[in-house]
Amino acid sequence: MEALPSPLESARFIAEHSRDVSVEEEGARRLAEALFDKASAEEFGVAGWKRLHELNPRAASEEAVSWVFLVDTLNFSFWAERDDHKCLVKYRGKTYSGYWSLCAAVNRALDDGIPITSASYYATMTLEQVKHVFRSDTEAPMPLIEERHRVLNESGTVLLEKFGGSFLTCVKMSKKSAQKLLHLVVENFPSYRDEAMFENKKVSFYKRAQILVADTWSVLEGKGDGCFGDISSLTIFADYRIPQVLVHFKAMKYSEELMKKLREGAIFQSGDKQEVEIRGCSIWCCALICKHLLELYEKKGQDMREKINAVLLDYYLWDYARDHREDMKDIPFHRVRCIYY
Ligand SMILES: Nc1nc2c(c(CN[C@H]3C=C[C@H](O)[C@@H]3O)cn2[C@@H]2O[C@H](COP(=O)(O)O)[C@@H](O)[C@H]2O)c(=O)[nH]1
């Protein structure tokens, strides 16, 4: 398989040639300064993944790794056309939306004795079974349910045929390298091949593949098979929420024309020039924020390379976006229906 430029190299190229999206150097610096104190807090670290999120597995077991693989295989496209008509899942007395509705549905299925995290089960699930497991408690179903069915069957079959049905086997084959695991995932699981063309060059984002590696690192608490020495080589995960929060903090800017299109709720296609610019500039902007943060700590004589990386910055910004929906309601997010993010 022809090697594409890495997501970071792709992001640099896109940011240098982008016309409708710009990375605001001064804004990125200011955001890094604003995050300075938070970056050394306990929650910013890998332990936050479990401590802050009750639906994430508590264990660091093979079953917990299987949960992560299943969830990140389906971790795409939760936005609703109308905010008053969206998929919601009730679980243990709480109602979840968006990405969390996926996790709630998985945990609900496990509580009901459905082996949803087992590859031998989801490799041959029928569309009806998928619709039942991921049923919504409102009239609005989870988006792209047919694509979820196809992707589940495909990923389960590959996991059975190539990795004995266990994603932990794939993790062990990566020999504690995040990059090796990233490439194993992209080479073997077609639905993770999140790539595009930009200015006649191939570019990669690998959003779900990178978040899968990151969540595997998190669920294993950065220890044992999940002790990736190169975890800092990952970029942020180019979804539809991170761009929104970067524009909110003025670290990134859209052209008048693009902002108008976004405000009108235009639907973009995966691979559109402006969609690629939004995703690439988001990755590049966060790489700058990480760089500034590390420099600020260095000036204080602290080497924070073990504690600050794009993964933890991403988690923080994504959680911020979720917790500050109201503050960000005037910043539109770009709407794409695809299986990549
Ligand atoms: N950049 C980035 N994108 C992320 C995540 C997550 C959840 N993961 C972590 C969260 C807590 C745990 O720490 C998990 O590890 C979901 N998404 C994306 O967001 C979109 C869903 O958004 P909404 O419609 O608002 O639920 C959709 O594209 C989904 O793919 C992340 O962390 N970073």
Side-chain angles (χ1 to χ4, degrees), residues 7 11 43-58 64-65 67-83 86-89 95-107 136 140 142-144 147-148 151 191-192 194 205-222 226 231 234-246 248 268 270 275 278-279 282-283 285-286 289 309-326 328-329 331-341:
E43 291 74 60
F44 199 92
V46 69
W49 193 86
K50 291 181 177 175
R51 178 174 306 161
L52 298 174
H53 302 296
E54 75 258 10
L55 295 180
N56 284 347
R58 306 295 96 190
V65 170
W67 185 97
V68 161
F69 180 73
L70 169 77
V71 164
D72 281 329
T73 295
L74 296 171
N75 187 356
F76 55 83
S77 210
F78 300 103
W79 59 268
E81 276 79 6
R82 285 172 27 216
D83 218 30
K86 62 182 173 181
C87 169
L88 295 174
V89 173
T95 298
Y96 296 91
S97 65
Y99 164 80
W100 293 118
S101 69
L102 169 70
C103 298
V106 167
N107 292 353
S136 167
M142 189 175 287
L144 299 186
E147 286 78 0
R148 294 183 201 276
V151 159
S191 78
Y192 280 84
D194 175 8
F205 297 110
Y206 297 146
K207 181 261 174 194
R208 285 203 290 111
Q210 291 200 93
I211 201 170
L212 172 59
V213 176
D215 286 350
T216 302
W217 177 64
S218 299
V219 81
L220 291 174
E221 300 165 14
I231 190 73
L234 297 184
T235 71
I236 58 113
F237 323 122
D239 73 320
Y240 53 85
R241 294 294 181 201
I242 294 291
Q244 203 181 9
V245 70
L246 293 174
H248 169 71
F268 292 76
S270 180
E275 185 247 8
I278 291 171
R279 301 184 78 197
S282 297
I283 290 174
C285 181
C286 288
I289 293 166
N309 57 45
V311 170
L312 297 172
L313 173 64
D314 176 285
Y315 285 162
Y316 177 84
L317 292 174
W318 192 84
D319 285 341
Y320 183 94
R322 177 149 272 265
D323 300 340
H324 297 80
R325 272 276 197 287
E326 203 37 42
M328 291 176 17
K329 67 179 184 315
I331 312 286
F333 63 85
H334 65 288
R335 295 166 181 235
V336 177
R337 282 290 179 225
C338 72
I339 62 168
Y340 300 114
Y341 63 101

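Note: hydrogens, waters and symmetry copies are ignored here, and every other heavy atom, side chains too, is used. Owing to the predicted nature of the structure, the values given are computational and were not obtained by experimental measurement. When a ligand or atom number is given, it counts from 1 through the structure's own listing order.
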(message) Is the positively charged end of Arg335 above the ring of Tyr240, judged by distance under 6.0 angstrom from the centroid and angle within 45° of the axis?
(response) no
(request) Output the list of atoms in ligand 1 that are nearer than 4.0 Å to some heavy atom of Arg241, sorted by atom number. (result) 22 (O), 23 (P), 24 (O), 25 (O)
(message) Below a 4.0 angstrom heavy-atom separation, can you tell me which part of Lys86, side chain or backbone, both or neither, approaches ligand 1?
(response) neither
(message) Which residue and atom name correspond to the protein heavy atom nearest atom 29 (C) of ligand 1, and how close is it?
(response) Asn75 OD1, 3.0 Å
(request) Would you check whether Ile236 reaches within less than 4.0 Å of ligand 1, judged by its heavy atoms? (result) no
(request) Apply the side-chain contact (heavy atoms from CB on, under 4.5 Å) test between Tyr99 and each candidate in Leu55, Leu74, Val71; give the one that qualifies. (result) Val71
(message) Counting only heavy atoms closer than 4.0 Å, does ligand 1 sit against the backbone of Ile211, its side chain, both, or neither?
(response) side chain
(request) May I ask you to check whether Ser77 has an N/O atom sitting below 3.5 Å from an N/O atom of ligand 1? (result) no
(request) Measure the shortest side-chain to side-chain distance between Glu147 and Arg337 over non-hydrogen atoms and say whether it is less than 4.5 angstrom. (result) no
(message) Under 4.0 Å, heavy-atom basis, I'd like to know which part of Asp215 is in contact with ligand 1: side chain, backbone, both or neither.
(response) side chain
(message) Ring centroids only, cut at 6.0 angstrom: are Phe237 and Trp318 within range, meaning strictly under it?
(response) no
(request) May I ask you to list the atoms of ligand 1 that are less than 4.0 angstrom from any heavy atom of Tyr341? (result) 28 (O)
(message) If I take atom CG from residue Leu212 and atom CG from residue Leu70, how far apart are they, to the nearest 0.5 angstrom?
(response) 11.0 Å
(message) Please state which option from Trp49, Trp100, Tyr99 has its nearest heavy atom closest to atom 11 (C) of ligand 1.
(response) Trp100
(request) Please check if the side chain of Trp79 supplies one atom and the backbone of Val336 the other of a donor-acceptor pair under 3.5 Å. (result) yes
(message) Tell me if a side-chain donor or acceptor on Gln244 pairs with a main-chain N or O of Ile331 at a distance below 3.5 Å.
(response) yes
(request) Please report which non-hydrogen protein atom sits nearest to atom 24 (O) of ligand 1, along with the residue it belongs to and the distance in Å to one decimal place. (result) Tyr240 OH, 2.9 Å
(request) Examine the proximity of ligand 1 to Tyr315 and report which part, side chain or backbone, both or neither, has a heavy atom under 4.0 Å away. (result) side chain
(request) Number the atoms of ligand 1 from 1 as they appear, then name those within less than 4.0 Å of a heavy atom of Gly98, with their elements. (result) 26 (O)
(message) Assess, by modelled atom type and distance only, whether the side chains of Tyr192 and Thr73 contain a donor and an acceptor separated by less than 3.5 Å.
(response) yes
(request) Check whether more than 12 heavy atoms from other residues, nucleotides or ligands sit under 6.0 Å from atom CG of Asp83, and answer yes or no. (result) no
(request) Could you see which bit of Arg322 sits under 4.0 Å from ligand 1, with heavy atoms only: side chain, backbone, both or neither? (result) side chain
(message) Using a plain distance cutoff, I'd like to know if Ser97 has any nitrogen or oxygen under 3.5 Å from a nitrogen or oxygen of ligand 1.
(response) no
(message) In this structure, does ligand 1 have an atom that sits under 4.0 Å from one of the heavy atoms of Lys207?
(response) yes
(message) Tell me the contacting part of Phe237 for ligand 1: side chain, backbone, both, or neither, using a 4.0 Å heavy-atom threshold, strictly below.
(response) both
(request) State the atoms of ligand 1, each with its element, that fall below the 4.0 Å cut-off from a heavy-atom position in Arg325. (result) 23 (P), 25 (O)
(message) I need the nearest protein heavy-atom contact for atom 33 (N) of ligand 1: residue, atom name and distance, please.
(response) Asp314 OD1, 2.6 Å
(message) Quick one: does any side-chain atom of Arg208 pair with a main-chain N or O of Tyr341 as donor and acceptor, under 3.5 Å?
(response) no
(message) I need the nearest protein heavy-atom contact for atom 4 (C) of ligand 1: residue, atom name and distance, please.
(response) Trp318 NE1, 3.2 Å
(message) Out of all atoms in ligand 1, which are within 4.0 Å of some heavy atom of Asn56? Include the element for each.
(response) 12 (C)
(request) For Gln210 and Phe205, indicate whether the former's side chain and the latter's backbone hold a donor-acceptor pair under 3.5 Å. (result) yes
(request) Answer with yes or no whether the side chains of Trp67 and Asn56 bring together a donor and an acceptor at under 3.5 Å. (result) no
